[in-house]
Amino acid sequence: MKTKKRYLSRNVIMTSFSSFFTDMSSEMIYPIIQAFVRSMTTSVGPVLGIMEGVAESLSSLLKVFSGYFSDKTGNRKFLTIFGYSISSCSKILFFIPSLFALFFVRFFDKIGKGIRTAPRDALISESVPKQFLGKAFGFQRGWDFAGSFFGTLLLYFIISRYLPGLNNVIDGKGAVSPKEFYPIFAIVVVSAMIAVIFLLFTKDKKVKDAAVEHKANLRPNLDIRKYDKNLRIFFLSQFIFTLGNSSNQFLLLQSTNISGLLSTVLLMYLLFNFTTFCFSTLFGSLSDKYGRKNFLVIGYIIYAVVYTAFGFISSSYSFLLWFFWPLYGLHYAMTDGVEKAFVSELAPSGSKATALGFYSTIVGVGLLPASVIAGLLFVVNTSFPFMFGGLMALGSSVIIMFFVRDDKTSL
């Protein structure tokens with residue numbers, strides 16, 4: 001029994017709780033950020049595009065270099081706490097009703113994410129035996145989505161019950177005063193601060209003989225050409241997949257167009273997060289036993305089915321959205337934590353955080369053109385972005401199926 005629980009190390013539990021409160025904080029902002037911008041300017045599209053584009057680009061580049069620095073110094077905890085702290089403190093600027101302040105909020109929030117992601121994932125991977133990597137990452141990612149679920153639910157409840165002046169945020173009608181958002185921002189800041197507190201109880205992996213460990217491990221490697229061939233092919237498949245993996249805002253928008261009710265779509269979004277939370281640990285554990293490759297291929301095929309379906313569902317069959325949103329959650333449960341476990345296993349000696357940083361950077365860089373492509377295709381035909389996403393997911397699954405080797409049983 002003790003062996004079965006070794007995936008629940010203190011680091012895994014503390015980072016999971018931290019992820020819960022971080023995503024709870026983020027998801028209380030995500031659905032209303034456009035309305036907050038609209039309360040200050042009518043140029044919502046250009047402002048959000050510039051703000052998110054600059055911040056996301058820098059964040060993506062920071063992930064690999066933060067991972068490299070973490071490998072070089074051997075310090076995971078400090079960089080993780082530092083990154084989360086930057087993001088948490090930046091949210092205080094929400095109380096300054098200006099676009100300039102909002103830009104710095106988003107900028108430093110993404111900077112913090114770029115700094116913390118790779119060291120945190122390396123901290124998790126070094127805290128459990130190799131045979132429990134999938135289960136550990138699945139557990140952590142599950143609590144991440146639990147925070148998203150609770151944050152969205154709490155936002156919906158607060159607006160509906162206590163802040164009737166923000167009902168037009170949900171209905172998509174008009175603008176409101178920036179001050180009407182302040183009660184929500186207060187909860188957001190407190191939640192983000194609690195997330196940092198949990199990280200204080202994590203511990204860096206200690207080695208018995210630092211000199212021996214230094215000689216045994218290679219120095220951090222930024223030359224991706226020297227990485228394991230399977231890992232390089234996996235990175236390629238991830239880039240291709242990400243090109244079709246546009247922002248979930250497009251799924252929310254398409255669902256609203258189909259159902260006609262944004263409030264109903266928010267409930268579907270809650271179901272999506274709840275499904276991912278329920279199954280992440282299970283699929284992560286199964287990937288430890290039956291191989292990462294199996295679940296990645298199945299997960300990307302599910303993604304292809306879901307995205308293609310979103311492109312063809314009509315308003316007459318809007319009830320099908322209640323099936324495809326939780327199915328989308330199964331995709332995340334099968335792939336999100338499993339991908340990181342797979343990278344951790346194949347990472348070069350001494351370059352675990354660097355490899356995880358490369359993974360996050362590739363995904364981050366791919367998301368920028370993905371949303372641009374989706375936006376352009378959406379203008380031409382609302383079905384095209386989803387058809388394109390389905391094709392990219394199928395292409396990625398084919399690459400993994402035929403060109404990536406797994407030590408365990410494969411498809």
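FYI, side chains are in, hydrogens and waters are out, and symmetry mates aren't considered; it's all heavy atoms of this structure. Residues: numbered from 1 along the sequence shown.
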Heavy-atom distance under 4.5 Å between the side chains of [X] and [Y], does that happen here?
X    : Y    : result
P369 : L243 : yes
S125 : K352 : yes
L236 : I240 : yes
M14  : L199 : no
M334 : L296 : no

When rounded to the nearest 0.5 angstrom, what distance separates [atom1] in [X] from [atom2] in [Y]?
X    : Y    : atom1 : atom2 : answer
S127 : L123 : OG    : CG    : 4.5 Å
D336 : Q140 : CG    : CD    : 8.5 Å
L62  : I111 : CG    : CD1   : 5.0 Å
I373 : F378 : CD1   : CZ    : 16.0 Å
S16  : L8   : OG    : CG    : 8.0 Å
C89  : D109 : SG    : CG    : 11.5 Å

Donor + acceptor pair across side chains of [X], [Y] (<3.5 Å):
X    : Y    : value
S396 : Q238 : no
S351 : N221 : no
R116 : T80  : no

Shortest non-hydrogen separation from [X] to [Y] and the atoms involved:
X    : Y    : result
A122 : A353 : CB-CB, 3.7 Å
S148 : D23  : OG-OD2, 3.0 Å
V64  : T354 : CG2-O, 4.0 Å

Exercise. Are F181 and F94 near enough that their ring centres are under 6.0 Å apart?
Worked result: no
Would you check if the side chain of [X] reaches a backbone N or O of [Y] as a donor-acceptor pair within less than 3.5 Å?
X    : Y    : answer
S285 : T281 : no
S237 : F234 : yes
S318 : S259 : no

Any chance [atom1] of [X] has more than 12 other-residue heavy atoms, nucleotides or ligands included, within less than 6.0 Å?
X    : atom1 : value
F65  : CZ    : no
F319 : CZ    : yes
F403 : CZ    : no
F82  : CZ    : no
F324 : CZ    : yes
F235 : CZ    : yes

Exercise. Hey, which of K340, E339, K63 is the one that makes side chain to side chain donor-acceptor pair (under 3.5 Å) with Y359?
Worked result: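 Single side chain to side chain donor-acceptor pair (under 3.5 Å) partner of Y359 among K340, E339, K63: E339.
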Exercise. Within 45° of the ring axis of F342 and under 6.0 Å from its six-membered ring centre, is that where the NZ or CZ of R292 lies?
Worked result: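 No.
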Evaluate the ring planes of [X] and [Y], with Trp represented by its six-membered ring, and classify them as parallel (under 30°), tilted (30 to 60°) or perpendicular (over 60°).
X    : Y    : result
W325 : Y269 : perpendicular
F157 : Y162 : perpendicular
F21  : F198 : parallel

For this session: Go through the steps to decide whether Y84 and R120 satisfy the test side-chain hydrogen bond (donor to acceptor under 3.5 Å, both in side chains), and finish with yes or no.
Result: CA-CA 10 Å; Y84 273 98; R120 180 205 61 198; 3.0 Å; yes
Exercise. Could you go step by step and tell me if F277 and F149 meet the ring-ring contact (aromatic ring centres under 6.0 Å, His included) rule?
Worked result: CA-CA 9 Å; F277 163 66; F149 170 81; 8.1 Å; no
Exercise. Applying the ring-ring contact (aromatic ring centres under 6.0 Å, His included) test to F386, which of Y307, Y303, F312 qualifies?
Worked result: Y307
Exercise. In a check of ring-ring contact (aromatic ring centres under 6.0 Å, His included) between Y328 and each of F272, F279, W322, F145, which one passes?
Worked result: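 Testing Y328 for a ring-ring contact (aromatic ring centres under 6.0 Å, His included) against F272, F279, W322, F145 leaves exactly one candidate, F272.
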Exercise. F137 and I124: side-chain contact (heavy atoms from CB on, under 4.5 Å), yes or no, with the steps?
Worked result: CA-CA 7 Å; F137 275 112; I124 294 172; 4.0 Å; yes
For this session: Begin with the C-alpha distance, continue with both residues' side-chain angles, and end with the deciding distance and a verdict on side-chain contact (heavy atoms from CB on, under 4.5 Å) for S314 and I258.
Result: CA-CA 6 Å; S314 65; I258 295 171; over 6 Å; no
Exercise. Can N11 and T202 be said to form a side-chain hydrogen bond (donor to acceptor under 3.5 Å, both in side chains), step by step?
Worked result: CA-CA 5 Å; N11 285 346; T202 59; 4.6 Å; no
Seminar exercise, completed: Residue set satisfying ring-ring contact (aromatic ring centres under 6.0 Å, His included) with Y227, at least two apart, ordered chain then number -> F358
Exercise. Taking NZ, NE, NH1 and NH2 as the nitrogens, is one of them in R76 or E126 under 4.0 Å from a carboxylate oxygen of the other?
Worked result: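 Judged by the 4.0 Å cut-off on N to carboxylate O distance, R76 and E126 do form a salt bridge.
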